[in-house]
Amino acid sequence: MIRFITAGTRRRCSTPPLNWPLGLGVRTADRIRFAVARERLELRGMVVKGRRKKSAPRPLTEEDEGYLKWKVRIPLIYDWFTNDNLSWPSLSCRWGQQLEEKAYKNIQPNCEVVKPRTAAAEHISVFDEESQSPYVKKIKTIIHPGEVNRIRELPQNSNIVATHTDSPEVLIWDVDAQPDCGDDLGAAESHPNLILTGHQSNAEYALAMCNYEALVLSGGRDNLVVLWCIRDHVSSLANTTSLGVPVGSPSCMQSMNASEDKISDSPTVAPRSVFHGHKDTVEDVQFCHFSPQEFCSVGDDSCLILWDARAGRSPALKVEKAHDGDINCVDWSPHDENFILTGSADSSVKMFDRRNLTSGGAGSSLHTFRHHKAAWSPDKSSVFGSAGEDNLINIWDYEKVGASYEHFMRTPTAPPGLFFQHAGHRDKVVDFHWNATEPWTIASVSDDCARVNGGGTLQVWRMSDLIHRHEDEVLAELEMFQDQIFCCSHKN
C-alpha cells in the first residue's frame, strides 16, 4: 500500500479509502492511501443535499480547445490516467510507502494505480472533470489548525507527517493514531502529536524530512533554517538516550500519547540547531540524500546555500545570485550528490553541480530550463519534472540537451531536453510528486477552482513507456507489431 497525501486550503487532513472499485474493466490495480490536508472554507452555499451546483456554460476559449485536443490524445500518450475533482483546494500532494505487493498489483491505500500496460484506452480517456475519481476515496479526516501550506512524510515511516501552516511552528502528526473527525464542519480541531518550535516568525513553505534519521528541516520569514530531531522528544521523556527507538514504533508513540494525557496542549520539541545565512524569507529546504548532516536552502534573496551541520551554523557554501528572482524550490538529486535543481520566480529551472560552485557572485549552472518548480525523477538519474503557472508539467532529460538525435524527437519550438508535456490541468499546477515505487507515475494538483465546481483537480498519471524508453528498444518492439499497425492505419 502507498499512502498518498494532498494538503491544501481547508482545516482538514483527510485520508482516502482502502477498497477501490475495480469498475471500468481494469484488470489490475494498486491501492494508495490519501491523507488530505485542507483549510476550512465557508462553502456551504455551494453544496445542496450533497450535490454540487452546476456552473453556467461559458464559451470555449483557445485554452479550452487546446485542453480538448489533449484529452483526445490521452490513449496515445498515457499508459494510465485518472482525474479527481477535489472537494477542497489543495496546496500539496505526496506519495507514501508501498505496503503490500502481489503478482499483478501493488497494494497502496486509497487509490488504485493500474499496473503498466493493463488499462484499455477507453478506461483512461473517459472521465468527467467535475466528478470524483472512482480510484480516489477518503478514509480519514483530520481537522488541521489552520491552512496547510506544505506536507512532508518521514521516509522511514510515512504514517508520520510534518505540516506547515501560517505560523512559526511545524506540526508533527501520526496519521494512523489520529482519530477520524468525519465530515462534521463544526468538529473541534485535531491536536498534533508534536509541535516543533524555534522559528521567530511564520514558517509557511520550506519543509523537509531526512531519509536516514528522524530529522526535520524548516525555513521561514525570519530568514532562518531550523533543524530538529523528533526522537529528542522520546529522549526527554525517558530521561535517557533513546535514539535507538524507531519513530512510529509502539514505544515511541506510547510516549507521545502518555505525554498528551498529562498536558492539555501537544508536547513541544526545541531545535537542535538554527542556521543563519539568508537575508530574506527561506522558501525551500532539502536534505542531501547521501548524508543527513548536509542540506541546502533557497530563498527570496536569490541565494542557494549549502550547509553542513558538522561544520557549524554558518553556510558551507553560498551562491549569492543563483537566479534573477526569488527562488521558490530546491531539490537535491537522489542519484548523484553533486546535482541540485532550483526553480525561480524568473520562470527558470537551473541545474547546478556543486563541484563547480564558488561562494559569492552569480551562480554558474550547467543547464537552464523553463518553469519555477522542479523535482528529480526516482526512475532515471538524468530526468526531472517541472511545473509552473502555464498549467503544464514538463518532463526533461538533461542528457538529451544537445544530443545529436534530439531534433528527431521534438518539435522545432520545444526547448532542449524536453521530451514530455502533461497538459491535463486547466490552471496553475501547485504541486506534483513522483511515485518512488510505481515507475514513472506522478500525482499532481492544480488550482482550477474557477473552472470546475469544487476545490481544484488531482490527477494521477503515467506516460506511455514508448516515450521514455530507449529509441532502439521501442523501435524493436514496434517492429514486432508492424502488421497490426499497418492494418489499423489502413482502416483509418
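None of the values given here were measured: they were computed from a predicted structure. Just so it is clear, the values below take in all heavy atoms, side chains as well, and ignore hydrogens, waters and symmetry mates.
The shortest side-chain heavy-atom distance between Leu341 and Trp376 falls under the 4.5 Å cut-off. Between Ile467 and Ile77 the shortest side-chain heavy-atom distance falls below 4.5 Å. When side chains are defined from C-beta on, Leu217 counts as touching Val225, because their heavy atoms get closer than 4.5 Å. Under the 4.5 Å side-chain criterion, counting only non-hydrogen atoms from C-beta, Glu153 is not in contact with Trp95. Leu171 has its side chain within reach of Pro145: a pair of non-hydrogen atoms, C-beta onward, lies under 4.5 Å apart. A 4.5 Å side-chain heavy-atom check between Val460 and Thr441 finds at least one atom pair inside the cut-off. No side-chain heavy atom of Ile395 sits less than 4.5 Å from a side-chain heavy atom of Gln421. The side-chain heavy atoms of Phe432 and Lys373, taken from C-beta on, include a pair separated by under 4.5 Å.
Counting only distance, with no hydrogens or angles, the side chain of Trp434 and the backbone of Ala375 share a donor-acceptor pair below 3.5 Å. Looking at Asn193, its side chain does come within 3.5 Å of a backbone N or O of Asp174 through a donor-acceptor pair. Judged purely by atom type and a 3.5 angstrom limit, Ser90 uses its side chain to pair as donor or acceptor with the backbone of Ser92. The closest donor-acceptor contact from the side chain of Ser125 to the backbone of Ile74 lies at 3.5 Å or more, if one exists at all. Between the side chain of Asp180 and the backbone N or O of Thr141, at least one donor-acceptor pair lies under 3.5 Å. Side-chain atoms of Glu399 never come within 3.5 Å of backbone atoms of Val383 as a donor-acceptor pair (strictly under, hydrogens ignored). Lys140 places a side-chain N or O within donor-acceptor distance of the main-chain N or O of Asp176, the cut-off being under 3.5 Å. No donor-acceptor pair under 3.5 Å is formed between the side chain of His199 and the backbone N or O of Val170.
Shortest non-hydrogen contact noted between Ile143 and Ala187 is CD1-CB, 3.3 Å. Closest approach of Phe384 and Ala374 over heavy atoms only: CD1-CB, 4.4 Å. In plain terms, the two heavy atoms of Trp332 and Cys296 that are nearest each other are CE3-SG, 3.5 Å. Summarising the geometry of His278 relative to Asp301, their closest heavy-atom pair is ND1-OD2, 3.0 Å, with the distance given to 0.1 Å. For the pair Asp284 and Asn328, the tightest heavy-atom approach, listed with the atom from each and the gap, is CB-O, 3.6 Å. Among all heavy-atom pairs drawn from Ile327 and Glu283, the shortest one is O-CB, 3.3 Å.
Side chain to side chain, Thr457 and Asp448 meet the donor-acceptor criterion of an N or O pair below 3.5 Å. Side-chain contact, Thr163 with Trp173: a donor N or O sits under 3.5 Å from an acceptor N or O. With no hydrogens or angles considered, no side-chain donor-acceptor pair links Asp166 and Asn202 at under 3.5 Å. In the model, Ser87 has a side-chain atom that pairs as donor or acceptor with a side-chain atom of Gln132 under 3.5 Å. No donor-acceptor contact under 3.5 angstrom links the side chains of Thr165 and His144, judged on distance only. Looking only at atom types and distance, the side chain of Gln178 has no donor-acceptor partner in the side chain of His191 under 3.5 Å away. With no hydrogens or angles considered, a side-chain donor-acceptor pair links Ser218 and His164 at under 3.5 Å. With hydrogens and angles left out, the side-chain atoms of His425 and Ser446 include a donor and acceptor closer than 3.5 Å. Side-chain contact of Gln286 with Asp331: a donor-acceptor pair under 3.5 Å is present, judged by distance alone. Side chains of Asn435 and Thr437: a donor on one and an acceptor on the other come within 3.5 Å. Side chains of His289 and Tyr212: a donor-acceptor N/O pair is absent below 3.5 angstrom, by distance only. At a cut-off of 3.5 Å, with distance as the only test, a side-chain donor of Ser386 or Trp396 sits close to an acceptor on the other residue.
When the options Ile393, Val430, Asp431 are evaluated for a side chain to side chain contact (heavy atoms under 4.5 Å, CB included) with Ser444, the one that passes is Ile393. Screening Cys181, Ser190, Pro179 for a side chain to side chain contact (heavy atoms under 4.5 Å, CB included) involving Ile142 leaves a single residue, Ser190.
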Requested in this report: Show the numbers, then the answer: is there a side chain to side chain contact (heavy atoms under 4.5 Å, CB included) between Ile172 and Ile195?
Outcome: CA-CA 6 Å; Ile172 302 297; Ile195 298 177; over 6 Å; no

Report task. For the pair Asp79 and Arg462, evaluate salt bridge (charged side-chain N to carboxylate O under 4.0 Å, His left out) and give the outcome as yes or no after the intermediate values. Result -> CA-CA 6 Å; Asp79 180 67; Arg462 179 174 56 240; 2.8 Å; yes

Query raised in the report: Would Phe81 and Trp70 count as a ring-ring contact (aromatic ring centres under 6.0 Å, His included) if you check the C-alpha gap in whole Å, the side-chain angles of each, and the deciding distance to 0.1 Å?
Result: CA-CA 13 Å; Phe81 173 86; Trp70 165 84; 5.5 Å; yes

Requested in this report: List the steps and the verdict of side chain to side chain contact (heavy atoms under 4.5 Å, CB included) for Val298 and Ile305.
Outcome: CA-CA 6 Å; Val298 294; Ile305 300 181; over 6 Å; no

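Within the cation-pi definition used here (under 6.0 Å to the ring centroid, within 45° of the axis), Lys71 qualifies as a partner of Phe127. Annotation: cation-pi pair Arg150/Tyr205 absent, no NZ/CZ under 6.0 Å from the ring centroid and within 45° of its normal.
With sequence neighbours left out, the side-chain contact (heavy atoms from CB on, under 4.5 Å) criterion links Asp346 to His323, Asp324, Ser344, Ser348.
Interatomic distance, Lys428 NZ to Asp390 CG, rounded to the nearest 0.5 Å: 12.5 Å. Atoms CG and NE2, from Asn391 and His422 in turn, are 10.5 Å apart once rounded to the nearest 0.5 Å. With values rounded to the nearest 0.5 angstrom, Lys400 atom NZ is found 8.0 Å from Ser382 atom OG.
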